[in-house]
Amino acid sequence: MATSLLLRHSSAVFFSQSSFFTKNKSFRSFTSIKMEKGEAENAVKTKKVFVAGATGQTGKRIVEQLLSRGFAVKAGVRDVEKAKTSFKDDPSLQIVRADVTEGPDKLAEVIGDDSQAVICATGFRPGFDIFTPWKVDNFGTVNLVDACRKQGVEKFVLVSSILVNGAAMGQILNPAYLFLNLFGLTLVAKLQAEKYIKKSGINYTIVRPGGLKNDPPTGNVVMEPEDTLYEGSISRDLVAEVAVEALLQEESSFKVVEIVARAEAPKRSYKDLFASVKGQ
């Protein structure tokens, strides 16, 4: 599982009227970000979901699921021309250059005032720079959060990882925890970013998946509170689904959820799954 977690974590509405909730649970309505048939020509004026790390293995699936469910999407990527070959032409999709390591001001510009929610699915790629995990998974995420605050983004969803708080869970000798932290203390970097998000005041959902699989989904989603799961795996498709559902379910507000898939788990609605986890 250690190798699986490392390699697969290092990549990164269907509604017409809905709402997100602020920290004090007050109601906040907003314009639909679902594209209706015939509205494609007005896509640039439509509220969008910004996806950071959009060409990563999980990020790409998030973009595809958002589009299939009627969202307008702004895909943040480091190489726009390369990204154009990764996605089918879609009038609801806008591809923009975004590097989370370049600071919040540039990110705020690219997120713009037409992005109503942000999903962060970034992740470092193993290399010779041992500081890369901190540049991407810590400082990069913090930059993205600050950019969201500048633009008044209403919802922030982060795809993180189980075992980020492994030391506090008594899992310091867990092979997966040890192996991942060999590469620049990756999990520690993610944990520090999570702490920043919690203090930001933004309505957030932090999704911590188990070992990521590229295979089609099998089994049903198991959702637990933070610092609960220390093993298990899940299809990237299901992770993308949970990230999108976090935009739709009021019960996802201000929560950290850990997810894996299990064949023996009962099928439950996402409303029930999110409601089963206590918020902050």
Side-chain angles (χ1 to χ4, degrees), residues 13-34 47-51 58 61-62 65-66 68-71 73 115-121 141 144-145 148-149 152-162 164-165 190-191 193-210 217 219-229 232 234-262 265-280:
V13 174
F14 190 73
F15 61 91
S16 55
Q17 294 292 328
S18 186
S19 66
F20 294 142
F21 283 73
T22 58
K23 189 83 172 182
N24 62 5
K25 305 299 182 182
S26 61
F27 187 78
R28 194 178 202 183
S29 62
F30 58 90
T31 306
S32 169
I33 51 178
K34 176 180 179 294
K47 289 293 185 179
K48 299 176 174 67
V49 176
F50 180 91
V51 179
T58 301
R61 287 168 167 83
I62 290 172
Q65 288 206 27
L66 286 168
S68 70
R69 299 182 69 171
F71 284 91
V73 179
S115 297
Q116 205 150 5
V118 168
I119 299 178
C120 178
T141 302
L144 196 59
V145 171
C148 288
R149 295 171 67 182
V153 171
E154 296 176 12
K155 179 77 178 189
F156 189 91
V157 179
L158 173 69
V159 179
S160 184
S161 172
I162 64 170
V164 294
N165 204 19
K190 289 179 180 291
L191 179 62
E194 288 188 11
K195 290 179 178 180
Y196 192 84
I197 293 168
K198 291 178 181 179
K199 295 178 181 178
S200 69
I202 295 176
N203 183 348
Y204 67 86
T205 305
I206 297 171
V207 180
R208 295 178 177 176
N220 293 318
V221 173
V222 173
M223 186 176 290
E224 298 288 350
E226 62 182 306
D227 302 341
T228 300
L229 299 174
I234 188 168
S235 166
R236 291 182 187 274
D237 293 316
L238 284 179
V239 176
E241 190 171 283
V242 172
V244 173
E245 286 290 338
L247 301 181
L248 301 170
Q249 305 299 331
E250 297 167 2
E251 292 78 8
S252 73
S253 296
F254 304 100
K255 291 183 179 179
V256 180
V257 298
E258 299 188 339
I259 56 172
V260 295
R262 293 175 182 158
K267 178 71 173 178
R268 301 174 64 187
S269 70
Y270 280 108
K271 180 181 177 68
D272 289 343
L273 285 169
F274 280 114
S276 70
V277 176
K278 185 178 179 180
Q280 301 297 309

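For clarity, every value in this text was computed on a predicted model and none was experimentally measured. Numbering starts at 1 and runs along the sequence shown.
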- Will you find, in the side chains of K190 and T141, an N or O donor that is under 3.5 Å from an N or O acceptor? no
- Item | Distance in Å, Y204 OH paired with K255 NZ, rounded so as to fall on 0.5 Å steps | 10.5 Å
- Item | Side-chain touch L144/F50, heavy atoms, less than 4.5 angstrom | yes
- Query: Roughly how far, to the nearest 0.5 Å, is CD of E224 from CG of L229?
  - Reply: 5.5 Å
- Message: Between P217 and E241, is there a side-chain heavy-atom distance shorter than 4.5 Å?
- Response: no
- Message: Working note: M223 + V242, criterion side chain to side chain contact (heavy atoms under 4.5 Å, CB included); need CA distance, chi angles, decisive distance, verdict.
- Response: CA-CA 10 Å; M223 186 176 290; V242 172; 4.2 Å; yes
- Task: State, with a plain yes or no, whether a side-chain heavy atom of E245 is found less than 4.5 Å away from one of L273.
- Result: no
- From C148 SG over to N203 CG, what is the distance, rounded to the nearest 0.5 angstrom? 11.5 Å
- So, do E226 and V277 sit near enough that their side-chain heavy atoms are less than 4.5 Å apart? no
- Please round to the nearest 0.5 Å and tell me the distance separating atom CZ of F274 and atom CD of Q249. 7.0 Å
- Is there a side-chain contact between L238 and I259, using heavy atoms and a 4.5 Å cut-off? no
- Looking at A265 and N220, what are the two nearest heavy atoms and their distance? O-ND2, 2.8 Å
- Task: Find out whether L247 and I119 are in side-chain contact, i.e. whether some heavy atom of one side chain is under 4.5 Å from a heavy atom of the other.
- Result: yes
- Message: To the closest 0.5 Å, what do you measure between CD (E258) and OG (S161)?
- Response: 8.5 Å
- Item | Nearest heavy atoms of V153 and A117, plus distance in Å | CG1-CA, 3.8 Å
- Query: Any side-chain donor paired with an acceptor under 3.5 Å for R208 and S160?
  - Reply: no
- Message: Closer than 3.5 angstrom, by distance alone: can the side chain of K278 be matched with the main-chain N or O of P225 as a donor-acceptor pair?
- Response: no
- Message: Less than 4.5 Å apart, side chain to side chain, heavy atoms only: is that true for S253 and K155?
- Response: yes
- Message: I need the R262 CZ to I234 CD1 distance, nearest 0.5 Å.
- Response: 10.5 Å
- Message: So I202 and R149, do their side chains get closer than 4.5 Å, heavy atoms only?
- Response: yes
